[in-house]
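So the structure is just underneath, and the comments pick up after that.
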Number of protein chains: 2
Amino acid sequence: MAEATLQSQTRADEAFDCLQTAIVTGELAPGEKIGEVELCSRFNLTRGPLREALGRLESRGLLVRRPHAGVKVVSVSAAELLELYRIREVMEGLAARQAAERMTDEEIAELQATLDSHERMIEQAQGQAYYQAEGDYDFHHRIATGSRNAKLAQMLLGDLYYMVRMYRYRLSTSAGRPHLALREHRRIVEAIAQRDGELAEFLMKRHINAARINIEKKIEEGVLTI
Amino acid sequence: MAEATLQSQTRADEAFDCLQTAIVTGELAPGEKIGEVELCSRFNLTRGPLREALGRLESRGLLVRRPHAGVKVVSVSAAELLELYRIREVMEGLAARQAAERMTDEEIAELQATLDSHERMIEQAQGQAYYQAEGDYDFHHRIATGSRNAKLAQMLLGDLYYMVRMYRYRLSTSAGRPHLALREHRRIVEAIAQRDGELAEFLMKRHINAARINIEKKIEEGVLTI
DNA sequence: TCAGGGTTTTTTGTTGACAATAATAGGGTC
DNA sequence: GACCCTATTATTGTCAACAAAAAACCCTGA
């Protein structure tokens, strides 16, 4: 149960955080229509801050709102999820290139340490797809911020990842190919460490493309119904 | 003076539109700190809907808000503007590729007609940088929607373009190279008409890169201080 | 039994008043 | 004269009541 987490600066922020995590974790299912008073009682809020948070979430595309007709959590179709990966491919490719040019040596060392930690996690928690997904998220997060491109990081972290994570929680994207994904991550970090932006971009694009194809395959197999 | 435009469905939508256009047109200058009551009286709103709109604008990065300290229009530095163009390069490249694959023949014909209209505008309104910029916006708008990638179009039209347009209004990006830009546009449409997605992506990326270099040059010359 | 229209009810949109917080200005002290 | 502390003030954050709109329901008539 996603709680209010660290004390938010304002009630609206709190509402925003609560709702966002509730949507991402699936506590609020896609397609679910939900009234404002219901939400208020569930998260201990009043309607003022709630509505402000709803506005933010709507503009981020996590929920849709028809005037006088209530809010409803967005339901992303399989096709739309694949489109999201197309966007990730080019944006994270750029992030990797800029990260290679701009990350500090210290940040790169931390990134490598992160991968070591992921490796241990994969060995230990064999099959614990959840933690693998979190590790994957951590990796991409670091590269996005390492790009030193504030808007790029904002769009990736604030927009795309939340939508992708919505599905991570129920389909565990990289499941079935954790070692493969880790090897791809290592290659990308290697390119970044060598300050080879062009290669880092190429490898990142290929990495995300592989993830997309993996999902596409699962959908075709009928394993994954969205 | 951009007015409330088509009747908004709700007061909050109205507030959102008003503020957004006010920021884009420079009616609300970057860096300007402005109180809520001031905004209310200026746009004939009450604070409820206003605050909802402020939340949306904040999450889009058009303004920043410190608790109990008021809102302030975001001011993008020259370096950040150039970073925006890096993002545009990869995202619009993708949009062009997908547009080449997915636009209908009719849409392509309309796109070509749009360019003809732009050509006439350039000849007639020689130096009217404003209309040229609008024409440029129209072109990119059509390709973004033509990509049939809802999220991509949303991010481009809802996020990036507003920030770029903020500066269009005072520096008229493509000024000095309208004929050149038009020729680049024509080549891109040609590639789309031939359903050559790879080429369309390449040309679009080069087109935006050229625009970025143009701005960079102006900044170095000191013509453009941001 | 089904369709249409009107009424009720629920839910959202809006408003203005109240409370809390931070910026500011003033006074006192070093 | 400069600095710090305090009190004021203005502004934001929050709340609960009111108004409007849409959805649901029921009743009537064919």
Side-chain angles (χ1 to χ4, degrees), chain A residues 3-23 27-75, chain B residues 3-23 27-75:
Chain A
E3 264 315 305
T5 68
L6 43 117
Q7 79 286 349
S8 308
Q9 302 202 332
T10 175
R11 304 289 277 174
D13 292 335
E14 191 184 324
F16 182 74
D17 290 342
C18 282
L19 287 172
Q20 191 166 43
T21 56
I23 291 171
E27 195 180 325
L28 260 53
E32 186 174 357
K33 186 191 164 299
I34 189 123
E36 291 187 2
V37 285
E38 164 81 24
L39 287 170
C40 287
S41 62
R42 184 143 30 146
F43 296 104
N44 273 55
L45 297 159
T46 52
R47 285 184 56 218
L50 179 82
R51 285 181 63 81
E52 201 179 317
L54 290 179
R56 283 197 238 178
L57 289 164
E58 186 191 18
S59 104
R60 289 208 181 176
L62 260 68
L63 50 81
V64 291
R65 197 140 70 123
R66 275 219 329 272
H68 298 282
V71 301
K72 145 165 153 282
V73 180
V74 292
S75 59
Chain B
E3 264 314 305
T5 67
L6 43 117
Q7 79 285 348
S8 307
Q9 302 203 330
T10 175
R11 305 288 277 176
D13 292 335
E14 192 184 324
F16 182 74
D17 290 342
C18 282
L19 287 172
Q20 192 165 42
T21 56
I23 290 171
E27 194 180 324
L28 260 53
E32 186 175 357
K33 187 192 164 296
I34 189 124
E36 290 186 2
V37 285
E38 164 81 25
L39 287 171
C40 288
S41 62
R42 184 143 31 145
F43 296 103
N44 271 56
L45 297 159
T46 52
R47 284 184 57 217
L50 179 82
R51 284 181 63 81
E52 201 180 317
L54 290 178
R56 285 197 237 177
L57 289 165
E58 186 190 19
S59 104
R60 289 208 180 176
L62 260 67
L63 50 82
V64 291
R65 196 141 71 122
R66 277 221 324 275
H68 299 282
V71 301
K72 149 164 149 281
V73 179
V74 76
S75 61

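Both backbone and side-chain heavy atoms feed into the values below; hydrogens, waters and symmetry mates do not. Lettering of chains follows the sequences in order, A, B, ..., and the numbering in each one begins at 1. Predicted model, so just to flag it, every value in this text is computed and none were measured.
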For Thr10(B) and dT12(C), is the shortest distance between a side-chain N/O and OP1 or OP2 below 4.0 Å? no
Send over the distance from Phe16(A) CZ to dG13(D) P, rounded to a whole Å. 16 Å
Between P of dC18(C) and CZ of Arg11(A), the distance in whole Å: 20 Å
For Gly48(A), answer base if it contacts any base atom (sugar-phosphate contacts may also be present), sugar-phosphate if it contacts only those atoms, and nothing otherwise; contact means non-hydrogen atoms under 4.0 Å. nothing
Glu14(B) CD to dG13(C) C1', straight-line distance once rounded to whole Å: 13 Å
Write down the atom of Thr21(B), the atom of Cys18(B), and the distance for their closest heavy-atom approach. OG1-O, 2.9 Å
With distance as the sole test, does Glu32(B) use its side chain to make a donor-acceptor pair with the main-chain N or O of Ala29(B) at under 3.5 Å? yes
Can you check the Arg51(A) CZ to dT14(C) P distance for me, whole Å? 7 Å
Measure the distance from CG on Leu50(A) to P on dA16(D) and round it to the nearest whole Å. 14 Å
For the residue pair Phe16(A) and Ala53(A), what are the closest heavy atoms and their distance? N-CB, 3.6 Å
Determine the minimum heavy-atom distance between Ile34(A) and Arg42(A), stating which atoms define it. CD1-NH2, 3.4 Å
Identify the heavy atoms of Leu50(B) and Cys40(B) that sit nearest to each other, and give their distance. CD2-SG, 3.7 Å
d(CD, Glu52(B); C1', dT15(C)) in whole Å: 14 Å
Do Arg56(A) and Asp13(A) meet the salt-bridge criterion of a basic N to acidic O distance under 4.0 Å? yes
Taking only side-chain N and O atoms of Arg47(B), does any of them lie within less than 4.0 angstrom of OP1 or OP2 on dT15(C)? no
Going by salt bridge (Lys or Arg N to Asp or Glu O under 4.0 Å), Arg47(B) matches just one of Glu38(B), Glu36(B), Glu52(B). Which one? Glu36(B)
May I ask you to verify if any side-chain N or O of Thr46(B) is less than 4.0 angstrom from the OP1 or OP2 atom of dG16(C)? no
Rounded to whole Å, please give me the gap between NZ in Lys33(A) and P in dT11(C). 8 Å
Expressed in angstrom and rounded to an integer, what is the separation of Leu45(A) atom CG from dT14(D) atom C1'? 11 Å
Among residues 63-71 of chain A, which ones have heavy-atom contacts with DNA chain C below 4.0 Å? Arg65(A), Pro67(A), His68(A), Gly70(A)
Of all the nucleotides listed (dT12(C), dT12(D), dT14(D)), which has the minimum atom distance to the side chain of Glu36(B)? dT12(D)
